[in-house]
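Quick one: the structure is below, and I'll ask about it shortly.
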There are 2 protein chains.
Amino acid sequence: MKKDKKRSECPISCSLDIFGDKWSLLIIRDMMFANKSTYGDFLKSEEKIATNILASRLQSLEENKLIEKLEHPDSKAKVLYRLTQKSIDLLPIIVEIHIWAEKHFDIPADIKAMIKEAKKDKDEFIKTTTRQLKKQITT
Amino acid sequence: MKKDKKRSECPISCSLDIFGDKWSLLIIRDMMFANKSTYGDFLKSEEKIATNILASRLQSLEENKLIEKLEHPDSKAKVLYRLTQKSIDLLPIIVEIHIWAEKHFDIPADIKAMIKEAKKDKDEFIKTTTRQLKKQITT
DNA sequence: ATTTGCACTTGCAATATGCAAGCAAAAATA
DNA sequence: TATTTTTGCTTGCATATTGCAAGTGCAAAT
């Protein structure tokens with residue numbers, strides 16, 4: 001994997017240089033909302049990422065400090081991937097994508113319910129969820 | 001250009017299927033904040049998109065109803081691209097990306113100032129900006 | 001009548017993605 | 001202790017996407 005050079009100083013462009021692809025945010029989503037934390041967990045996701053792509057995305061996310069690679073407490077064969085403050089800060093973006101998608105697509109009922117909750121008091125939802133996610137990185 | 005099939009029903013995945021690439025949101029950005037509206041305008045952007053990629057992205061954005069292709073009032077040689085309600089609805093996402101980027105990167109001072117304004121009263125900023133963008137599509 | 005501007009298209013090389021198989025270390029099982 | 005399974009990758013190869021340079025066709029300006 002090559003480190004892309006920044007295309008410009010634009011904040012949107014710089015952000016897309018990091019997570020502007022079809023897979024990175026899905027891995028973050030899995031870590032945020034589905035409590036996934038291992039290579040095997042991510043492989044099991046509905047979208048069926050290829051093994052080499054997963055490996056390359058994990059590496060790029062780590063290089064960009066969106067995830068950390070740690071020893072798994074259960075076993076040395078496993079690797080534990082963990083969110084960072086930087087990736088937890090992506091939550092507002094991810095919430096807004098949900099809200100946009102809910103307006104313009106058909107969304108499964110359970111997720112729709114969660115989005116409805118989030119919309120009721122966006123700031124509160126983000127605060128609460130952020131606090132929960134932070135717990136995992138401060139222990 | 002092939003129409004990708006949805007990878008899953010997940011709202012994040014569906015959204016990324018549409019704008020999860022390095023260029024689509026930059027075109028939207030140019031239309032939202034730099035008043036760009038023609039093929040030539042987009043080519044002039046700092047990030048230097050290749051001509052064929054620009055053509056393919058414009059086609060995909062049009063297929064996904066994020067932009068509309070119209071006759072240019074000035075000349076038949078030109079084409080006017082215009083935002084839709086669906087793409088104007090992306091504004092909250094784009095604002096949150098700005099805010100995230102401002103926290104984690106060095107950003108040019110002028111853009112930083114705009115982000116500061118947006119953060120002061122996010123809802124108001126989005127409302128005002130949305131109203132301005134809508135003006136362009138209702139006339 | 002000729003040149004310029006605009007919106008693309010085409011050809012081709014480089015890069016990224018997708019799929020299937022393989023592999024080493026650790027853990028579980030016999 | 002020996003064998004099998006699990007886990008987290010890597011490798012090889014086909015296909016798709018991207019990037020670059022050049023070219024094309026129509027409209028407008030000179």
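Remember, predicted model here, so these are calculated numbers, not experimental data. Residue numbers start from 1 in every chain, and the chains themselves are labelled A, B, ... in the order their sequence lines are given, proteins ahead of strands.
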* Structure fact -> Students should find that the end-to-end axis angle of the helix from C:dA1-D:dT30 to C:dA30-D:dT1, with five pairs defining each axis and rounding to 10 degrees, is 10°
* Might you confirm whether atom CG of B:Asp123 has over 12 heavy atoms from other residues, nucleotides or ligands at distances under 6.0 Å? => no
* Sequence neighbours left out, what passes salt bridge (charged side-chain N to carboxylate O under 4.0 Å, His left out) with B:Lys103? Give chain and number order. => A:Asp89
* Any A:Lys22 side-chain N or O less than 4.0 Å from OP1/OP2 of D:dA16 -> no
List every contact pair, protein side and nucleotides 22-28 of chain D side both N or O, where the distance is under 3.5 Å.
from	atom 1	to	atom 2	distance (Å)
D:dA28	OP1	B:Lys76	N	3.1

* Asked: What is the distance, rounded to the nearest whole Å, between atom CZ of A:Arg57 and atom C1' of C:dG18?
  -> 13 Å
* Output field: ring centroids B:His98/B:Phe125 closer than 6.0 Å -> no
* In whole Å, what is the span from the CG atom of A:Leu80 to the C1' atom of D:dT7? -> 13 Å
* To do: Starting from P on D:dG8, measure out to CG on A:Leu61 and report it in whole angstrom.
  => 16 Å
* Between the side chain of B:Asn64 and the main-chain N/O of B:Leu66, is any donor-acceptor distance below 3.5 Å? -> no
* Asked: Which whole-number value in Å describes the distance from A:Asp17 CG to C:dA16 P?
  -> 13 Å
* Return the set of residues passing side-chain contact (heavy atoms from CB on, under 4.5 Å) with A:Lys119 (not counting sequence neighbours), or none when no residue passes. => A:Ile99, A:Glu102, A:Ile115
* Atom CD1 of B:Ile53 and atom P of C:dA13: how far apart are they, to the nearest Å? -> 17 Å
* Any side-chain N or O of B:Tyr81 under 4.0 Å from OP1/OP2 of C:dC6? -> no
* **Set of salt bridge (charged side-chain N to carboxylate O under 4.0 Å, His left out) partners for B:Lys86, sequence neighbours left out** => none
* Could you list the residues that satisfy side-chain contact (heavy atoms from CB on, under 4.5 Å) with B:Ala50, not counting sequence neighbours? => B:Asn52, B:Ile53
* **Residues which pass ring-ring contact (aromatic ring centres under 6.0 Å, His included) with A:Tyr39, listed by chain and number, not counting sequence neighbours** => none
* Does B:Trp23 have a side-chain nitrogen or oxygen under 4.0 Å from the phosphate oxygens OP1 or OP2 of D:dT17? -> no
Let me have the donor-acceptor pairs involving side chains of residues 7-15 of chain B, under 3.5 Å, with sequence neighbours excluded, atom names and distances please.
from	atom 1	to	atom 2	distance (Å)
B:Arg7	NE	B:Asp17	OD1	2.8
B:Arg7	NH1	A:Lys22	O	2.9
B:Arg7	NH2	A:Lys22	O	3.1
B:Arg7	NH2	B:Asp17	OD1	3.2
B:Ser8	OG	A:Glu47	OE2	2.7
B:Ser8	OG	B:Cys10	N	3.0
B:Ser8	OG	B:Ser13	OG	3.4
B:Glu9	OE1	B:Lys6	NZ	3.4
B:Ser15	OG	B:Pro11	O	2.7

* Residues in side-chain contact (heavy atoms from CB on, under 4.5 Å) contact with A:Ser37, at least two apart in sequence or another chain -> A:Asp41, A:Leu80
* **Nucleic acid contacts of residues 33-48 of chain A, taken as heavy-atom distances under 4.0 Å to DNA chain D** => A:Thr38, A:Tyr39, A:Gly40
* Distance, rounded to the nearest Å, where B:Asn52 contributes CG and C:dC8 contributes P -> 13 Å
* Using atom CG of A:Leu54 as one end and atom P of D:dC9 as the other, report the distance to the nearest whole Å. => 8 Å
* How long is the line joining CD of A:Glu71 and C1' of D:dG8, in whole Å? -> 15 Å
* Identify, with sequence neighbours excluded, every residue that meets salt bridge (charged side-chain N to carboxylate O under 4.0 Å, His left out) alongside A:Lys122. => A:Glu96
* **Partners meeting side-chain contact (heavy atoms from CB on, under 4.5 Å) with A:Glu62 (sequence neighbours left out)** => A:Ile67, A:Lys69
* With DNA chain D as reference, determine whether A:Arg7 or A:Leu58 sits nearer its 5' end, using the nearest nucleotide of each. => A:Leu58
